[in-house]
Amino acid sequence: KKFRGNKMAISKEDVLEYISGLSVLELSELVKEFEEKFGVSAQPVAVAGAVAGGAAEAAEEQTEFNVVLKDAGAKKINVIKEIRALTGLGLKEAKAMAEEAGAVVKEGVSKEDAEAAKAALEAAGATVELAQLLDVINCIQGFMPCITTKKY
């Protein structure tokens, strides 16, 4: 570790190691904090063609998806019931998840399971998106300031 003044400096490797241990939800919260602290917006950015090409190749290999609740809609009670059925959460936790925009309902599931969960939540009245886990990782590894969700 290097020292700067009276403080120990943290290396980029330390930061990446810490980030790699976060769940997608924790990472999303961290990005929001960065946005607020530094007054920036985490939007997709086209960087070099090689990075974009690598991300496209990785997306083709994607096998794990997150089911992200964007909005519970007008039928929130039905959405809460569906969240409970999908996750096994209690009423209080499911209600909190339904009220939180961007909540990850299912994390790291197969495309088929993610699509089934999305369909069930949409049938209950929610707005849902599937997020590819590799998109998040590629954004961080490519030092691109973005957390993306894609509609399928």
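The figures here come from the full heavy-atom set of this structure, side chains too, leaving out hydrogens, waters and symmetry mates. In what follows, residues are counted from 1 in the order of the sequence shown.
Looking only at side-chain heavy atoms (C-beta outward), Glu13 and Val15 stay at 4.5 Å or farther from each other. Here the side chains of Lys106 and Asp113 are not in contact, with every heavy-atom distance at 4.5 Å or above. Side-chain atoms of Leu121 and Val79, non-hydrogen and from C-beta on, do get closer than 4.5 Å to each other.
For Glu93, the side-chain contact (heavy atoms from CB on, under 4.5 Å) partners two or more places apart in sequence, or in a different chain, are Leu89. For Lys76, the salt bridge (Lys or Arg N to Asp or Glu O under 4.0 Å) partners at least two apart in sequence or on another chain are Glu99.
Identified under the salt bridge (charged side-chain N to carboxylate O under 4.0 Å, His left out) test for residues 78-92, with sequence neighbours left out: none.
Taken from CD in Glu29 to OG in Ser23, the straight-line distance is 7.5 Å, to the nearest 0.5 Å. To the nearest 0.5 Å, the span separating CG on Leu86 from CG on Leu69 amounts to 10.5 Å. Distance check, rounded to the nearest 0.5 Å: CD1 of Ile80 to NZ of Lys95 gives 6.5 Å. Atom CD in Glu115 sits 7.5 Å away from atom CZ in Phe65 (nearest 0.5 Å).
Closest of all the heavy-atom pairs between Ala98 and Ala72 is O-CB, 3.5 Å. Smallest separation of non-hydrogen atoms from Glu122 and Val128: OE2-O, 3.6 Å. Residue Ala117 comes nearest to Val67 through the heavy atom pair CB-CG2, 4.0 Å, listed as atom of the first residue, atom of the second, then distance.
In terms of modelled atom types and a separation under 3.5 Å, the side chain of Lys75 and the main chain of Ala126 share no donor-acceptor contact. Using modelled atom types, no side-chain atom of Asn66 and backbone atom of Ala131 make a donor-acceptor pair closer than 3.5 Å.
Around CD1 of Ile77, the count of heavy atoms belonging to other residues, nucleotides or ligands within 6.0 Å does not exceed 12.
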Dump the intermediate steps for side chain to side chain contact (heavy atoms under 4.5 Å, CB included) on Val105 and Thr87, then the final yes or no.
CA-CA 7 Å; Val105 178; Thr87 63; 3.8 Å; yes

